[in-house]
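Report on one structure; see the data block that follows.
Proteins get letters first, then strands, A, B, ... in listed order; numbering begins at 1 in each. What's counted below: heavy atoms across the whole structure, side chains too, no hydrogens, waters or symmetry copies.
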Number of protein chains: 2
Amino acid sequence: MKKQKKKPALKGLGDGLKRTPQRLAILDFLDGNTSHPSAEQVYKAVSKKYQSMSFATVYNTLHALTKAGSLKELGIDPDRRRYDPNTATHHHFICLKCKRIVDVMDEIRIALPKSAVKECSVVDSHVEFFGYCAACKKKAKS
Amino acid sequence: MKKQKKKPALKGLGDGLKRTPQRLAILDFLDGNTSHPSAEQVYKAVSKKYQSMSFATVYNTLHALTKAGSLKELGIDPDRRRYDPNTATHHHFICLKCKRIVDVMDEIRIALPKSAVKECSVVDSHVEFFGYCAACKKKAKS
DNA sequence: TCATGATTTGGAATGATTATATGTTAAAAA
DNA sequence: TTTTTAACATATAATCATTCCAAATCATGA
Ligand SMILES: [Mn+2]
Ligand SMILES: [Mn+2]
Ligand SMILES: [Zn+2]
Ligand SMILES: [Zn+2]
């Protein structure tokens, strides 16, 4: 029987990156994760399984993965950087109350404004939706 | 003759905020400013004219103005908060090279995806375009 | 003018991230 | 397998943006 393994949303370590247990642990936590965790959340989660994990290693690995193109740094949260293993172009809904960040995978056709295209070259775009998530909406009705 | 005054892009101090020289100086710098300055840039600019300006006051004022709805905090730059006196819904182009943030005032019709509307209530949205600005594009061709 | 609560200020505190120095190890060569 | 070594992990210090704090000052209304 093949070792069970869910479809990896994460590309994995790139190029000549060493396959260290720390990196594999971080990679495993990130794989398929849609919570857009911060460095601290990664650290906390991975520390449990892999005691002796250093905070610096988390940052190092997050940077390495980002450079390798297996991870995206999100600037959404002004307070701390968040990471997204889903590197395909997609968008996000941010709850103004609980700060949860939810994927919006729907393809959004953005009519690139002429003014932007005229002189600049647009490589990518990202839509942020702000509002109140289902849970917070429900609470407000109490 | 009426006191000459350019059309204010900035709403001004809200409610019961005292009209202090510091706040007026910051307000004056921000008025019509489209550079999306950071707190430090505000501090540097205003310090010149208003010596003795404190960094804490800049933060206090930026917060007060934000709460009053005369200013918007931008989460675009992961390294530091940036402020936008233009509180009308508009979008931004971010140059991946020089990090410049340029307004995209064109109205963009975003087809709100069903999945987002279903359970959540969307209050606002913001599009970030990433690419290379005219100046950086030109440089690259050298 | 006076009283007073709001505001300013400098400096200390915090929290996220980065840098450094040193011991460790994955991986490739022998 | 053993050797070799650049890459890596770790602890800790340093940095940088932002917030907090307590004391001094000030704007505004009575
Ligand atoms: Mn995402
Ligand atoms: Mn703007
Ligand atoms: Zn919520
Ligand atoms: Zn540029």
Side-chain angles (χ1 to χ4, degrees), chain A residues 12-30 35-68 70-84 99 101, chain B residues 12-30 35-68 70-84 99 101:
Chain A
L13 305 169
D15 319 312
L17 291 183
K18 280 187 183 174
R19 191 164 297 267
T20 71
Q22 293 90 337
R23 280 176 177 171
L24 292 175
I26 293 174
L27 221 42
D28 183 61
F29 170 70
L30 249 26
S35 71
H36 310 93
S38 65
E40 192 188 16
Q41 290 174 308
V42 173
Y43 173 71
K44 275 189 186 161
V46 178
S47 300
K48 283 180 195 158
K49 300 237 168 180
Y50 196 98
Q51 173 250 25
S52 94
M53 167 70 63
S54 158
F55 224 121
T57 297
V58 171
Y59 276 107
N60 286 340
T61 302
L62 292 177
H63 292 158
L65 291 176
T66 299
K67 193 159 59 181
S70 311
L71 197 60
K72 252 189 178 177
E73 273 188 19
L74 299 185
I76 286 184
D77 184 341
D79 290 331
R80 74 205 85 256
R81 244 162 251 179
R82 288 165 167 276
Y83 296 86
D84 196 338
K99 309 300 178 191
I101 300 175
Chain B
L13 306 170
D15 319 310
L17 291 183
K18 282 188 181 173
R19 191 165 296 269
T20 71
Q22 293 91 335
R23 281 176 176 170
L24 292 176
I26 293 175
L27 219 44
D28 183 61
F29 171 70
L30 248 27
S35 70
H36 309 94
S38 64
E40 192 187 16
Q41 291 174 308
V42 173
Y43 173 71
K44 275 188 187 163
V46 178
S47 300
K48 282 180 195 160
K49 300 237 169 182
Y50 196 99
Q51 173 251 23
S52 94
M53 166 71 62
S54 157
F55 225 120
T57 298
V58 170
Y59 276 108
N60 286 340
T61 302
L62 292 176
H63 291 159
L65 291 176
T66 299
K67 193 160 58 180
S70 311
L71 198 60
K72 250 190 179 177
E73 274 190 19
L74 299 186
I76 287 184
D77 184 343
D79 290 330
R80 75 204 84 257
R81 244 163 251 179
R82 288 166 168 276
Y83 295 86
D84 196 338
K99 310 299 178 191
I101 300 175

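- With sequence neighbours left out, B:R23 forms a side chain to side chain donor-acceptor pair (under 3.5 Å) with no residue at all.
- Side-chain atoms of B:S47 come within 3.5 Å of backbone atoms of B:Y43 as a donor-acceptor pair (strictly under, hydrogens ignored).
- Read 5' to 3', the first and last nucleotides of DNA chain C with an atom closer than 4.0 Å to a heavy atom of chain B are C:dG5 to C:dG10.
- Separating the CG atom of A:L65 from the P atom of D:dC8 is a distance of 11 Å, rounded to the nearest angstrom.
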Audit row: B:V46, B:V58, side-chain contact (heavy atoms from CB on, under 4.5 Å) steps and yes/no:
CA-CA 9 Å; B:V46 178; B:V58 170; 5.8 Å; no
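- With sequence neighbours excluded, the residues that form a side chain to side chain contact (heavy atoms under 4.5 Å, CB included) with A:E40 are A:S38, A:K44, A:F55.
- A:S54 meets the side chain to side chain donor-acceptor pair (under 3.5 Å) test with no other residue; sequence neighbours excluded.
- In the helix from C:dT1-D:dA30 to C:dA30-D:dT1, the end axes, each obtained as the rotation axis mapping the C1' atoms of four pairs onto the next four within a five-pair block, lie 30° apart to the nearest 10 degrees.
- Here the OG-CG distance, from B:S35 to B:L30, works out to 8.5 Å after rounding to the nearest 0.5 Å.
- Qualifying side chain to side chain donor-acceptor pair (under 3.5 Å) partners for B:N60, counting only residues two or more places apart in sequence or in other chains: none.
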Using a 4.0 Å heavy-atom cut-off to protein, can you give one letter per nucleotide of nucleotides 9-17 of chain D, 5' to 3': B if the base is in contact, S if only the sugar-phosphate is, - if neither?
SBB-----S
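- Every residue was checked against the side chain to side chain contact (heavy atoms under 4.5 Å, CB included) condition with B:K49, not counting sequence neighbours, and none meets it.
- Every residue meeting the salt bridge (Lys or Arg N to Asp or Glu O under 4.0 Å) condition with B:R82, not counting sequence neighbours, appears here in chain and number order: B:D77.
- Nearest heavy-atom pair across B:A25 and B:Y50 is CB-CB, 4.5 Å.
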